[in-house]
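One structure below.
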Amino acid sequence: MSRLSFVIPAAVFLVLAGLFLAALFLFEDPNTLPSARLGEPLPTFAQPSLTEPGRTLTPADLRDAAGGEPFLLNVWATWCPTCRAEHDFLGELRARGVRVHGINYKDDRGKALRWLEDLGDPYGLIVADPDGRLGLELGVYGAPETFVVDGAGVIRHRHVGDVNARNFSATLGPLLESLGWEPPGAPVDAAAAAAGAGEVGS
Amino acid sequence: MSRGGPVPGERAGAVLRGPCVVAVFAWLLAVGAPAVAAVDIEAPQDPELARQYRTLIAELRCPKCLNQNIAGSDAPISADLRRTVREQLQAGRTPAQIRTYLVERYGDFILYRPRLTAGTLFLWFGPGLVLLAGAAWLVVLVLRRRDRVEDPDPAALARIRARLQAAGAPTGPADGSAPDRPER
């Protein structure tokens, strides 16, 4: 009997310790928060375009410019060194037919425009968000962050940190494909992608 | 170790030490004070709103820092959130509405006190339940031990008897049961 009274608390402790250890190692990095806006349409906004003075952009504009296809919405700023690191890859994605829109987050317009001049502009449309209000609506807490938005304007995923070849081929690319993006490639690939998109379902 | 009067300069040093210490502390206070003042500058003018503001920013977590509230955090996102809290309070929204607003955008994680939902039940009551269960188990254990009389190990009993006999003391019943209490 005395052995049982030792075993049971020890077992309970082990189970709890195991649970906590699993949570520590198996779950996502606690520094990356899941987006509270997943599954919701882009929040209403009307903010100026960074590159086209006088033009106001709304979620509908982003959708239309993407032609009803899924797109990436990339939050970037000139004060963010990681954004510089991911910039070239965004250019590559554009060359592969991925639509990328940008939100210039809490940045200076002059600096942002010079940056685009120097490094190239991989974006379709760029929303200027100098005081971070649009970021707040989206639940952004830093840069870079990239949202995957489907053709209907619904947020499907929020990626924290830079977008690079590794995480694109692992997560973002497949997600875009399931939402209707057709990666460039041989007809066989296109057929497989279409079949895959059909299976995953819309 | 020369005897005699103070070394030239020593007396001056002793005299200056007190005021120097005071000066250093005064400087530290002056330098530190603005940090506290900065947060108050951001608070609404109205005393009631200011009170609500201070309560809210103490219980909202900085999404970037994980373990700081937005009151104590330097992060730009914290400054943005403080500004939003102030603006919404001044626009007449209640703290509850502001909390909902932020949870819609940042998730439950932004509240230091997560809301009571089916998902957070275990978070709220789990530790307390585990503690209670442990305490109850402990109580049961102690009660059981107290009520039970353990049979002594026969070999040890024999050794004790031998020593008692050698010393001439009474050895109790031979079957090892508890001896009768001596009559008073």
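Hydrogens, waters and symmetry mates play no part in the numbers below; they use all other heavy atoms, side chains included. Lettering of chains follows the sequences in order, A, B, ..., and the numbering in each one begins at 1. Fair warning: this is a prediction, and the values are worked out from it, not measured in the lab.
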Structural part of A/V140 lying under 4.5 Å from a heavy atom of chain B
backbone
Could you pull out the closest heavy-atom pair between B/G107 and A/A36, with the gap in Å?
N-CB, 3.4 Å
Are there more than 12 heavy atoms of other residues, nucleotides or ligands under 6.0 Å from atom CD of B/E48?
yes
Does atom CG of B/D74 have more than 12 heavy-atom neighbours, drawn from other residues, nucleotides or ligands, at distances under 6.0 Å?
no
So which part of A/L16 gets closer than 4.5 Å to some heavy atom of chain B, the side chain, the backbone, both or neither?
side chain
Okay, B/S78 and chain A: the region with an atom under 4.5 Å from a heavy atom over there is neither
Quick check for you: to the nearest 0.5 Å, what is the distance between A/R133 atom CZ and B/R83 atom CZ?
4.5 Å
Looking at A/V12, A/D131, A/L136, which makes the most heavy-atom pairs under 4.5 Å with chain B?
A/L136
Where does A/F13 contact chain B at under 4.5 Å (heavy atoms): side chain, backbone, both or neither?
neither
What part of B/V130 is in contact with chain A, defined as an atom under 4.5 angstrom from a non-hydrogen atom: side chain, backbone, both or neither?
side chain
Backbone N/O of B/Y106 and side chain of A/Y141: donor-acceptor pair under 3.5 Å
no
Does CZ in B/R93 sit with more than 12 non-hydrogen atoms of other residues, nucleotides or ligands closer than 6.0 Å?
yes
If you apply the rule side chain to side chain contact (heavy atoms under 4.5 Å, CB included), what do you find for B/D80 with A/K106, and how did you get there?
CA-CA 10 Å; B/D80 288 350; A/K106 293 173 71 73; 2.7 Å; yes
Distance from A/L138 atom CG to B/R105 atom CZ, nearest 0.5 Å?
9.5 Å
If you count every heavy atom of other residues, nucleotides or ligands that lies below 6.0 Å from B/Y112 atom OH, does the total exceed 12?
yes
